2 protein chains.
Amino acid sequence: MKPTVTISDVARQAGVSEKTVSRVVNGESYVSEAKQVAVRAAISALGYRPNVAARSLAASRSFTLGLIANRMDAYNFRALHTSGVRLCSERGLHLIVEELPTLGPAEMQRLEKSLRQVRYEGVIVTQVADTQRVLDVLERTGTRYVRMSPLLDPERSDSVSVEVAEGYNLVAEHLYALGHRRIALPVLTPRVRQRNIINEALRQMRTRLLDLGCAERDIVEVPLLWKASNMEAGLTMARAVLEMRPRPTAVFAMQDEVAASLVNYAWSEGVNVPRDLSVVGFEDDDIARVVWPPLTTVRQPFDEMTAAAVELLVNPAADGAPRSVTLPSTLVVRQSTGEVPDAA
Amino acid sequence: MKPTVTISDVARQAGVSEKTVSRVVNGESYVSEAKQVAVRAAISALGYRPNVAARSLAASRSFTLGLIANRMDAYNFRALHTSGVRLCSERGLHLIVEELPTLGPAEMQRLEKSLRQVRYEGVIVTQVADTQRVLDVLERTGTRYVRMSPLLDPERSDSVSVEVAEGYNLVAEHLYALGHRRIALPVLTPRVRQRNIINEALRQMRTRLLDLGCAERDIVEVPLLWKASNMEAGLTMARAVLEMRPRPTAVFAMQDEVAASLVNYAWSEGVNVPRDLSVVGFEDDDIARVVWPPLTTVRQPFDEMTAAAVELLVNPAADGAPRSVTLPSTLVVRQSTGEVPDAA
DNA sequence: GCGCGTTATGACAGCGCTGTCAGAGTTAAA
DNA sequence: TTTAACTCTGACAGCGCTGTCATAACGCGC
């Protein structure tokens, strides 16, 4: 194992000062063509790689972004993380995950410690981690952050969102077009009082269904346990749907994982999807294509969302005013939804 | 945002030298009780957090472990990553993911660059990333590493494995006990010449089935495309199984993801799982409980495996001799396997 | 020829911490 | 009593890099 090559080795080899090497490495201006060439040659001859720790210390930069999530085993986390790692790597940054399973005080302390130690150049806050407590810690430590699909108050900070309400409307129209008239919509349980994005979108979806011609009494509510695991939530929702008389012909599960476990429960009770029950998810996770039947869902463009988030973090607004990026949702029709049989 | 608290602030406040603070922070011996108390008090009074960059630079340590994978969207990657992050965080380390989707030369270069820059204290090499090229880069950069479930030559370096052959035997016995006599086993395609762990275990499994009383001609082979995505591999395997006459009553898919997509294809062709076909996976991924029916599979203890790997990295062998940890596999029986109907 | 702005370069301090070493005090063994 | 070993502490250099600043060289207009 050869000894470490440092900037001064390169400087000596190229016949310039360390600072000039530093300028070339960092793409600063005011270096003559000739010296740039010499430095580049020396770098590749010696196999020089700047030491991140030294760079961080000297420049007071960490070259690291953070990703704050509460459950790393969620499908959407994986999507964010995968593209996050790629995007960071392209920019010479690293991405570190901070997991906060319970979002409790002890974890807040751990987060604060970690934020102070690493000094992230920015962090991405996933939807479920987007709580007042977390934002307080971020602000107290002066950490720049972007919220992903914030439920509340997207204008409060930099944020990246998708057109949730539009996505829900696409679902409404799709189900209506297939002939569904008795449709189950989720209601967040325990109830969320605030007028958050999801409740608002659900309200619009219901209105849309009524406008299309559904009867008020046929748009029924089923509980979506948002504090439980998605699997549990799916089972609970499935039971609620299957107990209803008359039974809805379609249900909007609002998350692919929930939809998946709902579908499984339906099969286990002898209910055929989509013949007896159409199910729609949301997100277009991998899981949407793995369950049987593959799920009709609303695609969330995670790659684009992550790219937008990284962009916001890396290029902070000149004036410091919060910026919000909103991306479209699109409906992906697969086999978990079908026409209502005539003899319904 | 208050100015950064450094070690010298703490030293001043506690009336000791910076070095003594450093000793307390790093749990070194030879510090009197009184000074320890004073330093701790000063630390919490000022909210001091050591700066990682400075520590790294001074101590020539990175406080970072790496995780080398080729596909971050694999289920088993997620399991490793999740417990890896937790374990590192408990030890005051960070975990950074290096993704090498193609394992090609360009990526090897990126990896080498990254290894030299970050100077990982150790990296975990996942099974699919465990290639000669990767190991070469690791050795060239003098990076300590642990291989997870190596296919070849576990004694070559530190490694953590599971009892694969034992797991396969459990599957064989389980299927036989359910009455299955015509069983499809996978064969790695394109063919792998080497006597790797998996081929060896498959050979043992076949022997076990024959010993139990299966007929040679009833233990049939189906292709497992190990270079394709697991979904594709599952579809291909499913087609092969369903085309066979007489059709096997059971198939060992060797991976949960493959099993999942195999099951889905079966359903779509009107083949009922497990009534018409029993399917067994391997790994006990989340996906095993999400598909319908939930998969009978062999659990890989990912948490324990990761813990063992981190342990090996953090406490290097005194003599430098490679150490191998082997953990048991256990069979998890769910609904994707069932008894062979009498009128078969 | 003078002053001014622009371009190009390097000297040097210092980011915040830890390794090394010297030295002082304290105890145990000879 | 002397020697040796162990315990405790701080001074200081320096990890590898970048920010700041001084300096020099080069136009350009007058």
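So you know, we letter chains A, B, ... as the sequences are listed, proteins then strands, and number each from 1. Since we're looking at a predicted model, the values are computed, not measured.
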S.K.: Side chain of B/Ser17 only, please: which of C/dC17, C/dA8, D/dG10 is the nearest?
M.R.: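 The answer is D/dG10, which lies nearest to the side chain.
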
S.K.: CD of B/Glu33 versus P of D/dT7: gap in Å, rounded?
M.R.: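 In whole Å, D/dT7 P and B/Glu33 CD are 15 Å from each other.
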
S.K.: Mind calculating the distance between CZ (A/Arg55) and P (D/dC15) to the nearest angstrom?
M.R.: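 Result: 19 Å.
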
S.K.: For the pair made of CZ in A/Arg61 and P in D/dG19, what is the distance, rounded to whole Å?
M.R.: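 From A/Arg61 CZ to D/dG19 P: 9 Å.
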
S.K.: Return the nearest nucleotide to the side chain of A/Glu28; candidates are D/dG16, D/dC17, D/dG19.
M.R.: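 The nucleotide sitting nearest to the side chain is D/dG19.
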
S.K.: What is the separation between atom CG on A/Leu46 and atom P on D/dG16, rounded to the nearest whole Å?
M.R.: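 So the CG-P distance, A/Leu46 to D/dG16, works out to 14 Å.
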
S.K.: Do B/His81 and A/His81 have their ring centres less than 6.0 Å from each other?
M.R.: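 Centroid separation for B/His81 and A/His81: below 6.0 Å.
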
S.K.: Using OP1 and OP2 only, check whether a side-chain N or O of A/Ser60 sits under 4.0 Å from C/dC15.
M.R.: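 It does not, given that no N or O in the side chain of A/Ser60 lies less than 4.0 Å from OP1 or OP2 of C/dC15.
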
S.K.: Any sub-3.5 Å donor-acceptor pair from B/Arg147's side-chain atoms to B/Leu152's backbone N or O?
M.R.: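 Such a contact is found between B/Arg147 side chain and B/Leu152 backbone.
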
S.K.: Measure the distance from OH on B/Tyr30 to C1' on D/dG10 and round it to the nearest whole Å.
M.R.: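 Nearest whole value for this atom pair: 17 Å.
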
S.K.: Think A/Ser32 has a side-chain N or O under 4.0 angstrom from the OP1 or OP2 of C/dA8?
M.R.: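 For C/dA8, neither OP1 nor OP2 has a side-chain N or O of A/Ser32 closer than 4.0 Å.
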
S.K.: Answer with base, sugar-phosphate or nothing: what part of the nucleic acid does A/Thr20 contact at a heavy-atom distance below 4.0 Å?
M.R.: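 Sugar-phosphate contact only.
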
S.K.: What is the distance, to the nearest angstrom, from the CG atom on A/Leu57 to the P atom on C/dT18?
M.R.: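 It works out to 12 Å between those atoms.
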
S.K.: Would you say a side-chain N or O of B/Asn51 is under 4.0 Å from OP1 or OP2 of C/dC15?
M.R.: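 For C/dC15, OP1/OP2 do not have a side-chain N/O of B/Asn51 under 4.0 Å.
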
S.K.: Quick one: the side chain of B/Arg23 and the base of C/dG19, do they pair up donor-acceptor inside 3.5 Å?
M.R.: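 Result: no qualifying N/O pair found.
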
S.K.: Answer yes when A/Arg144 and A/Asp158 have at least one side-chain N-carboxylate O distance shorter than 4.0 Å, and no when they do not.
M.R.: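 Salt bridge: no.
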
S.K.: Quick one: do B/Glu18 and B/Arg12 make a salt bridge, cutoff under 4.0 Å?
M.R.: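 No, this pair does not count.
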
S.K.: Whole-Å distance between D/dC12 P and B/Glu18 CD?
M.R.: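 Result: 12 Å.
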
S.K.: With DNA chain D as reference, determine whether B/Ala59 or B/Val31 sits nearer its 5' end, using the nearest nucleotide of each.
M.R.: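 The answer here is B/Val31.
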
S.K.: Between C/dT9, D/dG16, D/dT20, which one does the side chain of A/Lys19 approach most closely?
M.R.: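 For the A/Lys19 side chain, the nearest candidate turns out to be D/dT20.
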
S.K.: Nearest-Å distance, NZ (B/Lys35) to P (D/dG10)?
M.R.: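 B/Lys35 atom NZ is separated from D/dG10 atom P by 4 Å.
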
S.K.: Can you see whether B/Tyr48 engages B/Gln13 through a side-chain donor-acceptor pair at a distance of less than 3.5 angstrom?
M.R.: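 On atom types as modelled, these side chains do not qualify, holding no pair under 3.5 Å.
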
S.K.: Among C/dG14, D/dG10, C/dT9, which nucleotide has an atom closest to any side-chain atom of B/Val16?
M.R.: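 Shortest atom-to-atom distance from the side chain points to D/dG10.
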
S.K.: Map A/Ser29 and B/Val25 onto DNA chain C by nearest heavy atom, then report which one ends up closer to the 5' terminus.
M.R.: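 Counting from the 5' end, the first nearest nucleotide belongs to A/Ser29.
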
